[in-house]
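Below: the structure, in structure tokens.
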Amino acid sequence: MSYEIVSNGSSNDTTHESRADHTSVIDIYPLSCYYFGSKDAIPFKDETLSDRILRMKSHYAAHGLRTCVEAVILVELFKHPHLLLLQVRNSIFKLPGGHLRPGESDVDGLKRKLTRKLSLNEDGDGVAWEVGECLGMWWKPDFETLPFPYLPPNVKQPKECTKLYLVKLPVSRKFIVPKNMKLLAVPLCQIHDNHKTYGQIISGVPQLLSKFPFNMIDS
């Protein structure tokens with residue numbers, strides 16, 4: 001069962017002592033440590049799948065391979081790791097992120113997208129995002145095909161590459177979400193191998209995270 005995150009009245013400004021950086025361990029803080037609010041809606045670029053395909057074809061003709069970057073962000077709820085997902089039109093689940101601008105780096109582009117979709121203002125109010133390692137890459141051989149978790153050897157000109165990055169949260173943060181989106185905390189056990197609901201990329205996230213020990217931090 002997923003849990004919609006709604007606005008609450010105040011943020012938790014609890015201080016947290018810095019600890020040694022263990023790259024092999026993911027610290028996961030309780031959902032209650034974070035403040036959630038809303039802001040003006042962000043207009044959707046595509047109304048239909050056909051619109052999206054036409055936009056992808058136009059982008060490819062102008063710039064070549066389209067690269068998307070998406071964030072894997074975890075919180076703790078009921079002693080279980082939950083993945084933060086955006087829900088669009090009450091049906092489509094997405095990892096926070098989006099496509100890069102021409103010449104933009106993966107990290108800079110992901111930080112820009114996270115700020116646009118999860119912060120109050122475009123400048124992020126000074127909020128920093130800790131972008132970690134790339135967990136995996138998915139490829140679209142053609143505009144209308146499903147993504148592959150590898151680049152098929154017979155595909156010489158892929159149309160889209162999606163990269164998943166681990167983004168580690170601090171002990172406290174404000175998430176401000178557009179009104180036409182929902183931010184959900186979904187347990188990993190519900191997502192695992194559930195491609196019918198969450199799609200191939202999101203349903204594969206639990207496997208990508210299986211190499212990491214989780215450190216559940218009490219509030």
Side-chain angles (χ1 to χ4, degrees), residues 1-5 11-36 68-87 93-98 105-115 117-119 124 127-138 147 149 161-177 182-195 197-219:
M1 181 178 182
S2 61
Y3 297 86
E4 180 181 354
I5 299 168
S11 61
N12 185 336
D13 293 324
T14 304
T15 58
H16 174 64
E17 293 182 3
S18 62
R19 61 196 298 273
D21 181 24
H22 300 291
T23 56
S24 61
V25 176
I26 301 179
D27 290 340
I28 305 178
Y29 297 95
L31 185 64
S32 59
C33 286
Y34 304 101
Y35 167 89
F36 300 90
C68 296
V69 286
E70 299 180 346
V72 173
I73 306 174
L74 297 174
V75 295
E76 179 270 333
L77 188 62
F78 303 128
K79 305 297 182 181
H80 191 83
H82 283 56
L83 182 65
L84 293 186
L85 297 177
L86 289 170
Q87 188 179 33
F93 296 96
K94 293 185 175 183
L95 291 166
S105 72
D106 292 356
V107 173
D108 287 345
L110 183 54
K111 289 180 178 180
R112 175 177 60 82
K113 286 293 184 179
L114 291 176
T115 296
K117 294 180 179 178
L118 299 179
S119 296
V127 171
W129 296 98
E130 185 182 346
V131 179
E133 67 180 89
C134 180
L135 299 175
M137 300 171 65
W138 292 74
C161 175
T162 298
K163 301 179 182 180
L164 271 56
Y165 282 89
L166 180 64
V167 174
K168 298 181 180 180
L169 291 180
V171 66
S172 180
R173 162 149 293 168
K174 294 182 179 180
F175 290 95
I176 311 296
V177 184
K182 293 179 181 178
L183 187 61
L184 305 176
V186 186
L188 290 185
C189 62
Q190 179 176 311
I191 292 172
H192 174 60
D193 207 27
N194 190 356
H195 63 274
T197 301
Y198 299 102
Q200 291 178 299
I201 295 178
I202 294 175
S203 64
V205 167
Q207 282 187 304
L208 296 176
L209 293 172
S210 63
K211 66 178 180 178
F212 296 99
F214 294 150
N215 180 29
M216 302 288 189
I217 300 176
D218 293 332
S219 56

Tell me which donor-acceptor pairs under 3.5 Å the side chains of residues 186-193 have, and how far apart each pair is, sequence neighbours excluded?
unit_1: Q190; atom_1: OE1; unit_2: M1; atom_2: N; d: 2.2
unit_1: Q190; atom_1: NE2; unit_2: Y198; atom_2: OH; d: 2.4

**Item:** Value rounded to 0.5 Å, distance of CZ in F175 from CG in L114
**Value:** 9.0 Å
**Prompt:** Can you tell me how far the CG atom of L74 sits from the NZ atom of K168, to the nearest 0.5 Å?
**Reply:** 11.0 Å
**Prompt:** Out of curiosity, L85 CG to L95 CG, how far, rounded to the nearest 0.5 Å?
**Reply:** 5.5 Å
**Heavy-atom side-chain proximity of P147 to T162 below 4.5 angstrom** = no
**Request:** Locate the shortest heavy-atom distance separating R173 from Y34; write the atom from each residue and the value.
**Result:** N-CD2, 3.4 Å
**Asked** CZ of F212 to CD1 of I28: how many Å apart, nearest 0.5 Å?
**Response** 11.0 Å
Under 3.5 Å, sequence neighbours excluded: what are the donor-acceptor pairs made by side chains of residues 204-211?
unit_1: S210; atom_1: OG; unit_2: Q207; atom_2: O; d: 2.7
unit_1: K211; atom_1: NZ; unit_2: E133; atom_2: OE2; d: 3.0

**Fill in**
Interatomic distance, CD1@I202 vs NZ@K94, rounded to 0.5 Å, equals 9.5 Å
**Prompt:** For the residue pair Y29 and L169, what are the closest heavy atoms and their distance?
**Reply:** CE1-O, 3.5 Å
**Asked** What closest approach, in Å, do Y165 and G132 show between heavy atoms, and which atom pair accounts for it?
**Response** CD2-O, 3.4 Å
**Request:** Can you tell me which residue pairs pass the side-chain hydrogen bond (donor to acceptor under 3.5 Å, both in side chains) test with a partner in residues 77-86, sequence neighbours excluded?
**Result:** K79-D218
**Complete:** Tightest non-hydrogen contact, residues S172 and C33, listed as OG-O, 3.6 Å
**Asked** Do L118 and V177 come within less than 4.5 Å of each other through their side chains, counting heavy atoms only?
**Response** yes
**Asked** Is there side-chain contact between E70 and I201, with heavy atoms separated by less than 4.5 Å?
**Response** yes
**Prompt:** Counting N and O atoms only, with roles assigned by atom type, does the side chain of K174 sit under 3.5 Å from a partner on the main chain of S119, one being a donor and the other an acceptor?
**Reply:** no
**Request:** Hey, could you give me the CG/CG distance between L183 and L86, rounded to the nearest 0.5 Å?
**Result:** 5.5 Å
**Message:** Please find the pair of heavy atoms, one from G97 and one from L110, that lie closest to each other, and give the distance.
**Reply:** CA-CD1, 4.2 Å
**Item:** Contact summary for Y35 and I176, nearest pair of heavy atoms
**Value:** CE2-CD1, 3.7 Å
**Prompt:** If we only count heavy atoms from C-beta on, is the K163 to C134 side-chain gap below 4.5 Å?
**Reply:** yes
